[in-house]
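So the structure is just underneath, and the comments pick up after that.
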Amino acid sequence: MASVRRRQERDGRSRWRPVAGLRSALSGRSVAGQVFVLQLVLVLLLVAASVVALVLQVRRDTTREARGLSLAVAETFAHAPGVVEALDSPDPTAVLQPRAEAAREQAGVDFVVVMNTDGVRYTHPKPDRIGKQFVGTIEPALAGEPVVEEIQGTIGELVQAVVPVEDDGVVVGLVSAGITTERVGGAADNQLPLVLGAAAVALALATGGAALLSRRLLRQTHGLGPHEMTRMYEHHDAVLHAVREGVVIVDGDGTLVLANDEAHRLLGLPEDGEGRHVLDIGLAPDTADLLSSGRVATDEVHLVGDRLLAVNQRPTDRSGGPPGSVATVRDSTELRALSGRAETAHERLNMLYEAGVGIGTSLDVVRTAEELTELAVPRFADFVTVDLFEPVPSGGHPDTAGALRRTAMAGIRGDAPLYPVNETIRFIGSSPQGRSLTTGRPVLEPRLGDAPGWRAQDLERSGQVVDYGIHSLITVPLRAGALVLGVVSFWRSEKPEPFDAEEQELAEELVARAAVSIDNARRYTREHSMAVTLQRSLLPRSLPEQTALEIAYRYLPAQAGVGGDWFDVLPLSGTRVALVVGDVVGHGLHAAATMGRLRTAVHNFSALDLPPDELLALLDELVARIDQDEAQEEHSSPVTGATCLYAVYDPVSRHCTVARAGHPPPALVRPDGSVEFPDVPAGPPLGLGGLPFETAELELLEGSRLVLYTDGLVEDRAHDIDEGLELLREALSRAGDSPEDTCRVVLESRRPGRAGDDIALIVARTRALPADRIAEWPVPSDPAAVAEVRAAVTRKLTEWGLEELAFTTELILSELVTNALRYGGAPIQVRMLHDRHLICEVYDSSNTSPHLRYATMTDEGGRGLFLVSQLAERWGTRYLPAGKVIWTEQPLPRS
């Protein structure tokens with residue numbers, strides 16, 4: 001019996017425990033019970049809100065559907081075939097009423113109404129409403145825009161759409177379709193039982209879920225009441241004070257609520273700090289301001305004593321908690337030191353990267369040195385100076401025994417008492433710079449005030465430097481392979497710490513990168529100077545004296561290197577002048593040398609007095625032979641392209657003969673200021689061969705300006721040659737009359753900032769030889785005519801005031817006319833020109849040219865031309881299309 005009784009008591013206790021636990025949970029005295037009641041209330045509120053929201057949503061969706069349906073039906077009917085024709089028929093109602101009713105029944109709307117533009121109905125579900133005014137807004141539809149609205153209509157509250165019926169863009173009628181809100185509300189009412197049923201199911205499920213959650217919470221809290229929870233908080237508080245990170249809790253009024261032991265230690269809080277305002281407990285001002293503000297902070301560093309503290313702070317009222325903030329504090333002194341060293345290393349790597357891409361952007365020695373100083377100031381040093389041996393900036397080989405010149409200097413201020421730029425300096429052996437140049441190694445002087453070797457360089461200036469505040473120096477030699485180009489000095493004044501060994505290594509790396517760029521610029525400068533020297537030696541240094549043309553010229557070499565553009569002015573016989581301009585494609589020594597060969601060839605060919613087309617043909621053959629010779633050598637390159645324009649101007653006839661080989665056409669500025677580009681046949685570029693060259697004859701009024709140029713003036717990457725020619729025309733039209741002003745205006749309007757090609761420009765203003773300086777006589781085929789010619793010549797020389805030349809001129813013309821009568825052919829003509837020289841010309845129709853020879857003692861003839869060559873300063877033969885001219889020049893007597 002006792003055993004049975006004990007078993008019954010044990011079974012009763014086992015049945016009682018879950019029932020008692022659930023009853024305790026539902027009683028509200030425990031935490032679980034309170035949570036259950038709160039959850040139940042929230043579930044009821046959420047279910048009620050959901051039912052209301054669902055009903056409203058159903059009604060809104062149904063209304064939206066009604067708006068879309070009415071608009072779709074109205075649009076469909078308005079665009080249906082035959083509607084426009086029905087509106088134009090005598091009885092639109094008879095045609096449209098059955099169609100509208102059929103559409104209404106098929107679409108499930110309450111009405112489909114067709115009306116005219118005045119709003120008078122043609123159709124309606126109720127026939128007695130036909131012919132009456134439509135109730136609703138039709139103005140937007142009349143403007144071509146559909147309108148949907150909710151109104152109180154003739155059949156009740158409804159949603160209706162009005163759309164236009166258009167014929168070729170003109171509104172000829174309106175169509176309205178609508179559905180009543182009663183039908184819309186009916187749909188919502190039909191769904192309401194379903195919604196309420198779903199809400200009831202949701203409420204039952206939520207209540208069961210809350211009961212289960214409360215039961216689970218009861219198990220997890222073991223049925224603890226407030227007292228037990230307090231004890232649990234005390235345990236947590238003990239743990240809080242044992243962590244190695246400071247925790248500070250401040251309420252919304254800025255009162256310190258809680259600070260654990262680590263926070264007291266790190267912040268130096270007083271024992272009675274809790275309960276007092278954080279601004280009154282002796283914290284550093286910035287830290288106190290942060291804690292009292294309650295703002296968000298992430299790893300914000302504050303200096304407290306000798307510690308760097310990282311503070312993180314977040315407000316506590318973001319999720320419905322009490323107003324205030326909680327902050328965590330940790331000691332980051334060592335981490336900060338490591339991060340500072342990492343930041344310094346990153347900055348140095350970044351500086352080296354920028355040195356690689358920012359130094360050496362131009363092939364200019366001085367600019368490259370300036371880029372080094374600009375990079376290092378103020379990031380690395382307060383002042384930086386670059387001193388190069390004097391031949392280096394001009395491209396020469398460094399003379400280590402010579403003086404240096406301060407090439408570049410930069411600093412945080414401009415009044416430092418250092419040697420200025422362009423100052424010539426000789427460093428003594430004991431100075432840091434002298435030791436760097438001698439040993440080829442960098443030198444570190446941490447304290448300049450205690451460096452006697454440096455002070456011995458210049459006692460007065462060194463004292464000024466120290467007084468100025470510059471206290472530390474690093475000197476690094478500029479080395480490019482085995483060459484020492486100069487020395488770079490880094491000076492410090494602002495930071496109190498001197499330069500150290502790590503900074504010396506950084507300085508050495510910076511200078512090593514700059515030295516390569518400076519040496520490349522030096523080599524380029526040397527080669528560029530050689531090419532420029534060669535090119536300028538091949539170009540005319542001064543223009544020859546002549547009176548046919550007033551000439552001005554400009555030559556601008558390309559920035560990328562010397563090229564093959566060239567020009568020349570060549571006096572010819574008979575007061576004529578040849579103008580030539582050419583271009584060899586490419587840059588560098590090869591182009592300049594080829595240009596010199598072509599210019600020399602033109603000089604030689606012009607001495608033969610050849611017409612322009614024949615001269616270009618000979619020049620074309622020469623270029624072809626040059627290409628053949630160059631092709632036979634491995635390391636030689638042929639002439640990739642050469643052009644030339646050759647013009648001969650005669651001031652007697654004012655005719656200009658022009659031929660060109662692939663060159664841009666000349667420009668001609670008439671005396672009235674009009675500009676044109678004469679049609680000169682464009683021959684092939686030199687060296688192609690196979691095609692003849694053609695000439696153009698231009699008659700130039702006195703005072704005309706002939707403009708010759710190379711393609712660098714009218715072509716560049718920004719525009720083609722046609723646009724360049726128009727720009728040249730515009731510049732010439734506003735230039736002054738003088739050739740000098742013309743050159744200036746043209747180059748000012750077209751000169752690019754960095755010319756990619758050479759520019760050669762010649763402007764020649766024409767002059768005419770006065771008629772009273774020209775004398776001509778026909779010579780009959782009779783030896784007796786020689787005497788008459790001598791007499792006429794004497795009279796003309798007397799008229800010109802050249803009596804001193806009468807005897808020699810008579811002898812010269814006697815010999816030339818006699819030879820023409822004996823060996824030439826009729827007609828024979830004599831012309832005498834009074835210019836800078838006295839020019840005598842004898843023309844005959846024969847193409848046989850006399851030759852100068854030395855006659856022996858027994859020869860009866862052969863002395864005439866020898867006599868002419870002795871009496872005249874120059875003489876020669878000029879061939880014409882029919883015949884030849886033998887000419888002589890005599891200097892005029894000095895007045």
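Everything quoted here is computed from the prediction, not taken from an experiment.
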Would Val488 and Thr385 count as a side-chain contact (heavy atoms from CB on, under 4.5 Å) here? Give the steps. CA-CA 6 Å; Val488 181; Thr385 57; over 6 Å; no

Trace of the side-chain contact (heavy atoms from CB on, under 4.5 Å) decision for Val301 with Leu309: CA-CA 5 Å; Val301 178; Leu309 303 182; over 6 Å; no

Would Ser472 and Glu445 count as a side-chain hydrogen bond (donor to acceptor under 3.5 Å, both in side chains) here? Give the steps. CA-CA 6 Å; Ser472 189; Glu445 286 289 355; over 6 Å; no

Test side-chain contact (heavy atoms from CB on, under 4.5 Å) on Ile474 and Val443 and set out the steps. CA-CA 6 Å; Ile474 296 176; Val443 174; over 6 Å; no

Please assess Glu274 against Leu258 for the test side-chain contact (heavy atoms from CB on, under 4.5 Å), listing each intermediate value before the final yes or no. CA-CA 6 Å; Glu274 295 172 353; Leu258 173 66; 4.0 Å; yes

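In this structure, the separation between OG on Ser325 and CG on Leu291 is 7.0 Å, given to the nearest 0.5 Å. A distance of 12.0 Å separates CZ in Arg367 from CD1 in Ile518, rounded to the nearest 0.5 Å. Atoms OG and CG, on Ser292 and Asp280 in that order, are 10.0 Å from each other to the nearest 0.5 Å. Rounding to the nearest 0.5 Å gives a distance of 8.5 Å between CD of Glu262 and CD of Glu245. With rounding to the nearest 0.5 Å, the separation of OG1 in Thr328 from CG in Asn260 is 10.0 Å. Asp272 CG to Leu256 CG: the interatomic distance, rounded to the nearest 0.5 Å, is 10.5 Å.
With His264 contributing its side chain and Gly246 its backbone, the two residues share no donor-acceptor pair below 3.5 Å. Distance alone, capped at 3.5 Å, is enough to place a donor-acceptor pair between the Ser293 side chain and the Asp289 backbone. Remark: side-chain polar atoms of Thr475 are not paired, donor with acceptor, to backbone N or O of Pro442 under 3.5 angstrom.
Considering only heavy atoms from C-beta on, Asp500 stays 4.5 Å or farther from Gln504 through its side chain. You'll find the side chain of Val465 reaches within 4.5 Å of the side chain of Leu418, heavy atoms only. Contact annotation: the side chain of Val250 never approaches that of Thr255 to less than 4.5 Å [non-hydrogen atoms, C-beta and beyond]. Under the 4.5 Å side-chain criterion, counting only non-hydrogen atoms from C-beta, Asp251 is not in contact with Pro322. Here the side chains of Leu69 and Leu71 are not in contact, with every heavy-atom distance at 4.5 Å or above. Residues Leu158 and Ile151 form a side-chain contact, since some pair of their non-hydrogen atoms from C-beta on lies under 4.5 Å apart. With contacts defined as side-chain heavy-atom distances shorter than 4.5 Å, the pair Trp454/Ser462 qualifies. At least one side-chain heavy atom of Leu448 sits less than 4.5 Å from a side-chain heavy atom of Trp491.
Side-chain polar atoms of Thr180 and Asp110 form a donor-acceptor pair below 3.5 angstrom. Between Thr137 and Glu149, the side chains place a donor N or O and an acceptor N or O closer than 3.5 Å (distance only, hydrogens not considered). For the 3.5 Å distance criterion, the side chains of Glu371 and Thr361 qualify, holding a donor opposite an acceptor.
Judged as a salt bridge (Lys or Arg N to Asp or Glu O under 4.0 Å), and not counting sequence neighbours, Glu65 has no contacts. When the side chain to side chain donor-acceptor pair (under 3.5 Å) test is applied to Glu300, the partners found at least two apart in sequence or on another chain are Arg295, His302.
By the 6.0 Å contact criterion, CZ on Arg314 is enclosed, its count of non-hydrogen atoms from other residues, nucleotides or ligands being greater than 12. Within 6.0 Å of the CZ atom in Arg265, the count of heavy atoms belonging to other residues, nucleotides or ligands exceeds 12.
Shown here for Val326 and Val247, the closest heavy-atom pair between the two residues is CG2-CG1, 4.1 Å. Minimum heavy-atom separation, Phe490 to Phe499: O-CE1, 3.5 Å. Taking both residues in full, the closest heavy atoms of Ser436 and Val487 are given as CB-CG2, 4.2 Å, listed atom of the first, atom of the second, then distance. What you find for Thr407 and Val421 is that their closest heavy atoms are O-CG1, 3.7 Å. The shortest heavy-atom contact between Ala410 and Val377 is O-CG2, 3.7 Å. Between Ala327 and Gln313, the shortest heavy-atom contact is CB-OE1, 3.8 Å.
Here the options are His471, Glu497, Glu503, the test is side-chain hydrogen bond (donor to acceptor under 3.5 Å, both in side chains), and the partner is Arg492; only Glu503 passes.
Classification of Glu494 and Arg413 as a salt-bridged pair holds, one side-chain N sitting under 4.0 Å from a carboxylate O. Classification of Arg406 and Asp387 as a salt-bridged pair holds, one side-chain N sitting under 4.0 Å from a carboxylate O. With salt bridges taken as basic N to acidic carboxylate O contacts below 4.0 Å, one links Arg67 and Glu150.
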Side-chain polar contacts of residues 508-517 - donor-acceptor pairs under 3.5 angstrom, sequence neighbours left out - could you list them?
residue	atom	partner	partner atom	Å
Glu509	OE2	Arg513	NE	3.3
Arg513	NH1	Leu352	O	2.9
Ser517	OG	Ile359	O	3.4

